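Note that this is a predicted model, so its numbers are computed, not measured.
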Amino acid sequence: MSENASIYAQSGVDTAAGDLAVELMKSAVARTHGPEVVGGVGGFAGLFDASALKEYRRPLLASATDGVGTKVAIAQAMDIHDTIGQDLVAMIVDDIVVVGAKPLAMTDYIACGKVVPQRIADIVRGIAQACEATGTALVGGETAEHPGLLGVDDYDVAGAAVGVVEADRVLGPERVVDGDVILALGASGLHSNGFSLVRHILAERGVSYTDRSAELGASYGEALLVPTALYTSPLLRVLDDPALDGAVHALSHVTGGGIAANLARVLPVGTWTELDRGAWSPLPVFRHLADLGGHTLESVEGAWNLGVGMFAVVDAASAQHVAAALTAEGLDVWVAGEVSASTRDLDGFEQGAKGVQGGAVRLVGAYAA
């Protein structure tokens with residue numbers, strides 16, 4: 001270590017530990033690189049050969065950025081760091097695929113109180129594995145040590161990605177019409193939203209993440225760290241299936257804001273739908289946490305996905321075929337509702353969200369047992 005590096009280390013920043021973390025993660029990152037990635041790990045900027053975009057008539061770049069929220073607090077408490085990376089990738093690339101885009105490249109950012117090389121490598125390995133599974137090149141990243149601002153075992157993760165879609169194949173409310181069928185795609189668990197409520201419930205009940213839950217068949221921490229499902233690759237394969245060309249009109253990633261608000265964002269103004277709660281049974285983790293907190297399932301629909309990770313709004317004549325294709329991809333799929341453009345009273349509906357003047361959505365009925 002040089003004298004300058006040693007002086008920096010005295011302030012709490014260990015550049016040598018950062019270098020070791022990079023060495024530990026290099027092989028996992030390299031596996032995400034196809035021929036489009038120019039150069040290796042460690043450059044000031046990642047390089048991605050955009051020549052492939054010449055094949056598009058009018059390529060539109062799609063970008064998204066996100067984090068994992070307070071789910072990282074559970075990973076830190078459990079000292080399990082190799083799943084949080086999939087959460088990060090899923091939150092980003094599954095937003096990109098919503099417009100029909102194929103993710104191309106991603107970068108990540110990890111802020112921590114102290115660089116623990118193996119911990120950082122575990123996080124990045126999870127990111128890289130999810131990037132590899134979704135065909136996304138991990139072309140760069142940054143690990144920043146913030147002593148005095150974050151505790152030695154604290155960290156946060158964020159990332160950004162870019163994808164591409166042909167202009168005339170962009171999915172969204174412009175394609176949705178009266179009579180379209182709404183397919184729900186099953187979630188793997190809480191994914192990466194609503195964890196502030198989860199942590200509040202557990203804290204109020206004096207429950208530790210290491211406590212075992214008979215209802216969940218695992219410790220609370222293990223059940224809560226089930227990583228976010230990756231929908232990108234299955235959806236892209238269905239979108240690229242010539243037999244289903246044009247059948248999918250819109251997609252909605254159920255993240256912050258819950259079920260109704262996220263679906264409302266991809267429905268056109270003037271349309272509405274009622275989602276039948278009886279079409280599915282929320283996963284045990286949702287039922288148990290709601291009971292533990294003294295909440296009804298209906299009251300937490302704006303915080304948790306309750307078992308629905310994505311919606312696909314599809315042409316009615318093709319709905320059965322799209323559902324079969326998604327099922328063949330290993331996804332749990334069911335019909336949740338239908339889009340209507342008829343005139344009606346929309347009192348009690350969620351109407352648009354996050355600045356989008358979209359359609360109207362509400363949930364009706366009781367959840368299946």
Side-chain angles (χ1 to χ4, degrees), residues 68-75 78 80 83-84 86-91 94 130 182-202 205 207 209-232 234-235 251-263 275-312 323 326-327 329-337 361 363-369:
V68 180
T70 59
K71 189 172 185 177
V72 296
I74 300 172
M78 293 294 292
I80 297 174
T83 61
I84 213 77
Q86 177 168 324
D87 292 299
L88 179 64
V89 175
M91 294 301 288
D94 284 346
I182 299 170
L183 301 177
L185 280 58
S188 56
L190 279 100
H191 289 183
S192 297
N193 294 103
F195 277 88
S196 292
L197 176 58
V198 171
R199 292 166 57 238
H200 176 72
I201 290 172
L202 296 186
R205 296 296 179 268
V207 176
Y209 297 126
T210 56
D211 290 345
R212 183 170 180 81
S213 166
E215 291 86 352
L216 302 179
S219 72
Y220 283 92
E222 291 168 335
L224 294 171
L225 286 177
V226 171
T228 306
L230 295 167
Y231 299 100
T232 294
L235 284 171
L251 296 169
S252 172
H253 191 194
V254 181
T255 56
I259 298 170
N262 279 292
L263 179 57
L275 300 177
D276 178 16
R277 294 187 182 103
W280 82 97
S281 177
L283 299 172
V285 66
F286 297 109
R287 292 185 178 276
H288 180 59
L289 289 171
D291 288 344
L292 199 62
H295 304 295
T296 64
L297 289 171
E298 291 79 6
S299 70
V300 295
E301 289 168 349
W304 298 337
N305 67 57
L306 295 182
V308 181
M310 184 82 74
F311 286 109
L326 292 169
T327 300
E329 289 285 350
L331 297 174
D332 187 17
V333 184
W334 63 93
V335 174
V361 179
L363 283 78
V364 297
Y367 286 106

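With contacts defined as side-chain heavy-atom distances shorter than 4.5 Å, the pair Leu185/Asp332 does not qualify. Side-chain contact between Val226 and Val285 is absent, with no heavy atoms from C-beta onward closer than 4.5 Å. Taking 4.5 Å as the limit, some side-chain heavy atom of Glu301 sits within range of a side-chain heavy atom of Leu306. By the 4.5 Å heavy-atom criterion applied to side chains, Tyr209 and Arg199 are counted as neighbours.
Put simply, the side chain of Asn262 gets close to the backbone of Gly256: a donor and an acceptor are under 3.5 Å apart. Checking side-chain atoms of Ser219 against main-chain N and O of Glu222 turns up a donor-acceptor pair under 3.5 Å.
In terms of heavy-atom proximity, Asp94 sits nearest to Ala229 at OD2-O, 3.1 Å. Considering all non-hydrogen atoms of both residues, Pro282 and Ala368 come closest at CD-O, 4.3 Å. Across every non-hydrogen atom of Pro227 and Ser188, the tightest pair is O-OG, 2.7 Å. Taking every heavy atom of both residues into account, Leu363 and Ala260 meet most closely at CD1-CB, 3.9 Å. Ala187 and Asn305 make their closest contact through CB-OD1, 3.5 Å (heavy atoms, listed as atom of the first residue, atom of the second, distance). Closest approach of Ser192 to Met91, counting heavy atoms only: CB-SD, 3.6 Å.
Tested against Leu202, the residues Leu224, Leu197, Asp211 include a single side chain to side chain contact (heavy atoms under 4.5 Å, CB included) partner, Leu224.
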* Applying side chain to side chain contact (heavy atoms under 4.5 Å, CB included), run through Leu275 and Phe311 and close with a yes or a no. => CA-CA 11 Å; Leu275 300 177; Phe311 286 109; 3.8 Å; yes
* So Thr210 and Met78, side chain to side chain contact (heavy atoms under 4.5 Å, CB included) or not? Walk me through it. -> CA-CA 7 Å; Thr210 56; Met78 293 294 292; 4.0 Å; yes
* To do: Show your reasoning for whether side chain to side chain contact (heavy atoms under 4.5 Å, CB included) applies to Leu297 and Trp304.
  => CA-CA 9 Å; Leu297 289 171; Trp304 298 337; 5.9 Å; no
* To do: Apply side chain to side chain contact (heavy atoms under 4.5 Å, CB included) to Lys71 and Val198, showing your working.
  => CA-CA 9 Å; Lys71 189 172 185 177; Val198 171; over 6 Å; no
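In this structure, the separation between CG on Leu230 and CG on Leu235 is 11.0 Å, given to the nearest 0.5 Å.
Residues that satisfy the side-chain contact (heavy atoms from CB on, under 4.5 Å) test with Ala75, not counting sequence neighbours, are Ile84, Tyr155, Leu225.
Sorted by first then second residue, the ring-ring contact (aromatic ring centres under 6.0 Å, His included) pairs that include residues 277-298, not counting sequence neighbours, are Tyr220-His288, Trp280-Trp334, Trp280-Tyr367.
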